[in-house]
Amino acid sequence: MGPLYASTLRRLGLGGLVDDVLAANPSPGTTVVPDSAGALLDELVLWGEPAAPRVLLAQCFEAGVDEPTIVLPPGRPLDELDLIPETTSPLIGAGPRG
């Protein structure tokens, strides 16, 4: 995690979780998210088995999110990327405007 992203998350009140992630990744190129920082994943990304992103996205809408943005991760296999719209499409359009 770079300094700009870390400082933005700190300003949003997620500093303790950022510290946990940074401590677990002392060198560039590692991607460890310790259990202690799992809440950071919930705040920032849709993740988990196919049903889990639906629950997380529904919680976003319930919290008042109007237009969530879903960005596909770079460099992932096509079959994995295909799962993203499949798991979120039942909820896209279900938000306040949909």
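All residue numbers refer to positions in the sequence shown, counting from 1. We use all heavy atoms of the structure for the numbers below, so side chains are in, but hydrogens, waters and symmetry mates are not.
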Using distance only, find each side-chain donor-acceptor pair of residues 41-53 under 3.5 Å and give its atom names and separation, not counting sequence neighbours.
unit_1: Asp42; atom_1: OD1; unit_2: Trp47; atom_2: NE1; d: 2.8

Residues Leu17, Leu9; criterion side chain to side chain contact (heavy atoms under 4.5 Å, CB included); working and verdict: CA-CA 9 Å; Leu17 300 174; Leu9 293 172; over 6 Å; no
Would you say Leu72 ends up clustered with Leu56 if hydrophobic residues are merged whenever their side chains have heavy atoms under 4.5 Å apart, either directly or through other cluster members? yes
Shortest non-hydrogen pair, Arg76 vs Leu81, comes out as O-CD1, 3.6 Å
Scan for salt bridge (Lys or Arg N to Asp or Glu O under 4.0 Å) pairs involving residues 23-38, sequence neighbours excluded, and state none if there are none. none
Closest heavy-atom contact between Ala37 and Val21? CB-CG2, 3.6 Å
Take Met1 and Val18 through the test side chain to side chain contact (heavy atoms under 4.5 Å, CB included) and record every step on the way to the result. CA-CA 9 Å; Met1 177 183 314; Val18 168; 3.8 Å; yes
Under 4.5 Å between any side-chain heavy atoms of Arg54 and Leu57, yes or no? no
Within this structure, what is the CG-CG distance for the pair Leu14 and Leu40, rounded to the nearest 0.5 Å? 6.0 Å
May I have all residue pairs that pass salt bridge (Lys or Arg N to Asp or Glu O under 4.0 Å) and include part of residues 19-29, sequence neighbours excluded? Arg10-Asp19
Find the distance between CG (Asp66) and SG (Cys60) and round it off to the nearest 0.5 Å. 11.5 Å
